[in-house]
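To start, the structure itself, in structure tokens.
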2 protein chains.
Amino acid sequence: MTVATSLHSASPPPIDGIFRALSDPTRRRVVERLNRSPASVSELAQPFDMALPSFIEHLRVLEGCGLVHSEKAGRVRTYRLAPEPLKLAENWLVEQRALWERRLDQFDDYVLKLKEKDK
Amino acid sequence: MTVATSLHSASPPPIDGIFRALSDPTRRRVVERLNRSPASVSELAQPFDMALPSFIEHLRVLEGCGLVHSEKAGRVRTYRLAPEPLKLAENWLVEQRALWERRLDQFDDYVLKLKEKDK
DNA sequence: CCAATACTAAGGTTTTTACCTAAGTAACAT
DNA sequence: ATGTTACTTAGGTAAAAACCTTAGTATTGG
């Protein structure tokens with residue numbers, strides 16, 4: 001009986017899926033919409049000129065990477081945003097900027113040291 | 001003589017490409033590496049178990065969406081990070097969180113008003 | 001000059017993505 | 001009970017992505 005998550009990270013890191021999901025404008029607009037309030041499939045689909053099954057696939061992608069959750073009551077399925085994965089992506093980006101800025105600081109230091117030497 | 005950028009944003013918004021580029025672990029690792037310092041193609045490729053042409057394609061994707069710049073001197077091409085597109089992606093995410101948090105505040109207000117009514 | 005280095009170009013395969021249409025199924029309203 | 005609504009399933013196409021190998025083309029060091 002083998003476990004799904006092996007030591008060597010068999011499953012692709014979730015951040016892949018999050019960025020992937022956000023790379024599509026339709027899906028970003030859905031996220032933006034759900035930021036206002038939860039909504040049903042048809043409410044979400046309404047602004048888009050797309051066959052419903054195609055649109056639903058986008059919802060599945062969003063749910064697949066954890067960006068949204070849904071539950072069905074009667075015949076309507078309601079989607080709501082799950083903010084944690086957004087946070088994850090944001091954190092990666094913030095981290096990169098932190099590193100970048102630290103590097104600029106190092107460069108400043110370097111320039112400063114050069115000036116010291118000049119004296 | 002028609003112009004490339006029409007009024008109706010013919011070109012897909014660059015943010016698509018940025019998120020798309022970041023959805024690949026190889027490319028994210030390249031960004032992380034370039035955050036330390038500029039580097040040549042072979043330096044960048046070295047940690048990856050991938051045919052060079054395949055790897056170079058990743059670099060092209062990164063450059064295509066503006067995340068990195070490169071220039072060739074002699075036979076070596078040097079890549080450096082361009083932080084602005086990262087900022088763009090970060091801004092979108094930050095904006096979403098801001099909206100989300102504003103919504104939570106509204107909910108708090110709502111709860112507060114309910115309590116008021118109870119009295 | 002000549003070999004090694006550092007990419008680059010060309011072309012091929014497999015998988016994934018983004019769409020579509022047509023045909024379900026389940027809940028609700030009358 | 002029956003039609004309408006709200007999704008869902010199935011299956012099909014076209015283009016893009018992510019790899020590969022093989023064969024270039026410039027530079028550069030000796």
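In what follows, chains are A, B, ... by sequence order, proteins preceding strands, each numbered from 1.
- For P53(A), the side-chain atoms get nearest to dT8(D) when compared with the rest of dA10(C), dC7(C), dT8(D).
- Counting non-hydrogen atoms under 4.0 angstrom, S40(B) reaches the backbone sugars and phosphates but no base.
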**OP:** Before giving the answer on side-chain contact (heavy atoms from CB on, under 4.5 Å), spell out for L67(B) and L86(B) the whole-Å C-alpha distance, their side-chain angles and the decisive distance to 0.1 Å.
**Re:** CA-CA 7 Å; L67(B) 275 166; L86(B) 282 177; 3.7 Å; yes

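- Between R60(A) and the phosphate of dA18(C), there is no side-chain N or O to OP1/OP2 separation shorter than 4.0 Å.
- As a whole-Å value, the separation of L59(A) CG from dT17(C) C1' is 16 Å.
- You'll find that the side chain of I56(A) is closest to dT8(D), out of dA18(D), dC19(D), dT8(D).
- Across the protein-nucleic acid pair, E57(B) atom CD and dG12(C) atom C1' stand 14 Å apart, rounded to whole Å.
- Residue H58(B) places none of its side-chain N or O atoms closer than 4.0 Å to OP1 or OP2 of dA17(D).
- Checking the phosphate oxygens (OP1, OP2) of dT8(D), a side-chain nitrogen or oxygen of K72(A) falls inside 4.0 Å.
- Distance F55(B) CZ to dT8(C) C1': 15 Å, rounded to the nearest Å.
- Computed from coordinates, the L62(A) CG to dA18(C) P distance equals 11 Å when rounded to whole Å.
- In the set dA6(C), dA18(C), dC19(C), dA6(C) carries the atom at the smallest distance from any side-chain atom of V76(B).
- Contact between the side-chain N/O atoms of R20(B) and the OP1/OP2 oxygens of dA16(D) is not found at any separation under 4.0 Å.
- Comparing A73(A) and V61(A) against DNA chain C, the residue whose closest nucleotide sits nearer the 5' end is V61(A).
- Between the CZ atom of R27(A) and the C1' atom of dC19(C) there is a distance of 12 Å, given to the nearest Å.
- Nucleic acid contact class of S54(A) (heavy atoms, under 4.0 Å, all strands): base.
- Between the CG atom of D24(A) and the P atom of dA16(D) there is a distance of 14 Å, rounded to whole Å.
- There is a path of hydrophobic side-chain contacts, each under 4.5 Å, that joins L22(A) to L88(A).
- To the nearest 0.5 Å, the span separating CZ on R27(A) from CZ on R20(A) amounts to 6.0 Å.
- Listed nucleotides dC20(D), dT27(D), dT21(C) differ in distance to R75(B); the shortest reach to its side chain belongs to dT27(D).
- Phosphate proximity of dA27(C) to R77(A): absent, as no side-chain N or O sits under 4.0 Å from OP1 or OP2.
- By the 4.0 Å N-to-carboxylate-O rule, E32(B) lies too far from R28(B) to be salt-bridged with it.
- For E63(A) (side chain) and S70(A) (main-chain N/O), a donor-acceptor pair under 3.5 Å exists by modelled atom type.
- Regarding L52(A), its CG atom lies at a distance of 17 Å from the P atom of dG24(C), rounded to whole Å.
- The nearest whole Å value for the distance from the CZ atom in F19(B) to the C1' atom in dA17(D) is 19 Å.
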